[in-house]
Amino acid sequence: MRTLDTIMTTVRIPEDWPTTEAEARAVQDELRDRVVLDEPGPPPGTGRVTGVDVAYDDERGVVAAAAVVLDAATLAVVARATAVGRVSFPYVPGLLAFREIPTVLAALEALHLDPGLVVCDGYGLAHPRRFGLASHLGVLTGLPTIGVAKNPFTFAYVEPAAPRGSTAPLLAGADEVGRAVRTQAGVKPVFVSVGHRVSLDTACAHTLALAPKHRVPESTRRADALCREALKEAVARPGARSPEYGN
DNA sequence: GCGACAG
DNA sequence: ATCTTGTCGC
């Protein structure tokens, strides 16, 4: 048995990618009703779960994404892919998807296998316009997606009880837009929301199953480590993959 | 108008 | 996200 290969690719930002905040918000308003909310989603502990994450070198305008596929039952790594490109949008709260999606899409496509449930680092429905990164990625790919964030963003939440597995609503006014999930006893919860084609209960169950030893899901931890590696490599050896990172 | 604000 | 040393703990 040899080391698992990592597929590496580069990104080209679409010609019609939004340039201004107004354009980006318009895209969100146009795509938001394509989110599917009436499917339960894949059962936890079966099939595949894929973590995606992105790392940046804003000085050089370089971005790297990683997609790591896990066996949902064992959490063993099944496949990995990375993509490197140029930053496509500045960080603007509420518009994170426009900064992360081109590179994440390239990494997912490079996988050449069904990713199963995609776990994003950020939010889905818990978003000012109910269309965060996870929902956006779901609509673009048709894949079931969820968002697991490390911070409550602008939302209010009730502190979950101390035991692992405790949950409490994440609130936008009176609406439960997500859930605070305690993945480790006595440790700050993570904030789970529905992306696309998955129920909130299923999203929370997957999150708990993916975090048996750490606060953050194993999928996200693996993707985080891999995209950082890819970014280092890309900055150290520009053009090693293809000229100008594809752009 | 001012501050807060996923990554 | 990223900048950053040492340090306590499994």
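We name chains A, B, ... by the order of the sequence lines, and we start the count at 1 in each one.
- A:Tyr157 has its OH atom 13 Å from the P atom of B:dA6, to the nearest Å.
- Within the nucleic acid shown, A:Ala55 comes within 4.0 Å of sugar-phosphate atoms alone, with no base atom in reach, counting heavy atoms only.
- The pair A:Asp5-A:Arg80 does not count as a salt bridge, with every side-chain nitrogen at least 4.0 angstrom from each carboxylate oxygen.
- Atoms CG (A:Leu95) and P (B:dA4) sit 20 Å apart, rounded to a whole Å.
- At the heavy-atom level, A:Asp53 lies under 4.0 Å from the strands shown only through sugar-phosphate atoms.
- With rounding to whole Å, A:Glu21 atom CD is found 15 Å from B:dA6 atom C1'.
- In this structure, A:Tyr157 has its ring center under 6.0 Å from that of A:Phe191.
- Using a 4.0 Å heavy-atom cutoff across all strands shown, A:Gly147 reaches no nucleic acid atom at all.
- In DNA chain C, consecutive stretches of 3 or more Watson-Crick or G-U wobble pairs with both distances under 3.5 Å do not occur.
- Using a 4.0 Å cutoff on non-hydrogen atoms, no part of residues 186-197 of chain A comes near DNA chain B.
- Pairing each heavy atom of A:Thr183 with each of A:His214, the nearest pair is OG1-O, 3.8 Å.
- Distances shown here put a side-chain N or O of A:Lys150 below 4.0 Å from the OP1 or OP2 atom of B:dG7.
- When the C1' atom of C:dA1 is taken as reference, atom CG of A:Asp224 falls 10 Å away, rounded to whole Å.
- Here the closest non-hydrogen pair linking A:Val198 and A:Val194 is O-CG1, 3.0 Å.
- For the pair A:Leu96 CG and B:dC5 P, the computed distance is 16 Å after rounding to whole Å.
- Rounding to whole angstrom units, NE2 of residue A:His136 and C1' of B:dG7 are separated by 16 Å.
- As judged by a 4.0 angstrom heavy-atom cut-off over every strand, A:Ile101 is placed among residues making no nucleic acid contact.
- Between A:His136 and A:Phe98, the ring-plane angle classifies as perpendicular under the 30° and 60° cut-offs.
- A close approach under 4.0 Å does occur between a side-chain nitrogen or oxygen of A:Arg228 and OP1 or OP2 of C:dA1.
- Ion pair A:Lys232/A:Asp57 not flagged as a salt bridge, since none of the NZ, NE, NH1 or NH2 atoms sits closer than 4.0 Å to an Asp/Glu carboxylate oxygen.
- Taking atom CG on A:Leu125 and atom P on B:dA6, their separation rounds to 18 Å, with Å as the unit.
- Regarding contacts with the backbone of B:dA6, a side-chain N or O of A:Tyr91 is found under 4.0 angstrom from either OP1 or OP2.
- Between A:Ala134 and A:Thr145, the shortest heavy-atom distance links the atoms O-OG1, 2.7 Å.
- Checked for salt-bridge contact, A:Arg221 and A:Glu218 meet the test: a charged N lies under 4.0 Å from a carboxylate O.
- Closest heavy-atom contact between A:Leu70 and A:Leu75: CD2-O, 3.9 Å.
- Close to B:dG7, at under 4.0 Å from its OP1 or OP2, lies a side-chain N or O of A:Asn151.
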## Note on the structure
Dot-bracket assigned to DNA chain B with the 3.5 Å Watson-Crick/G-U criterion, [ ] for crossing and | for other-strand pairs, is .......
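- Distance CG (A:Leu133) to P (B:dA6): 13 Å, rounded to an integer number of Å.
- Shown here for A:Arg182 and A:Pro189, the closest heavy-atom pair between the two residues is NH1-CD, 3.7 Å.
- In the hydrophobic clustering of this structure, A:Val87 groups with A:Val92; members are Ile, Leu, Val, Met, Phe, Trp, Tyr whose side-chain heavy atoms approach within less than 4.5 Å, directly or through other members.
- Between A:Asp224 and A:Arg228, at least one side-chain nitrogen of the basic residue sits less than 4.0 Å from a carboxylate oxygen of the acidic one, meeting the salt-bridge criterion.
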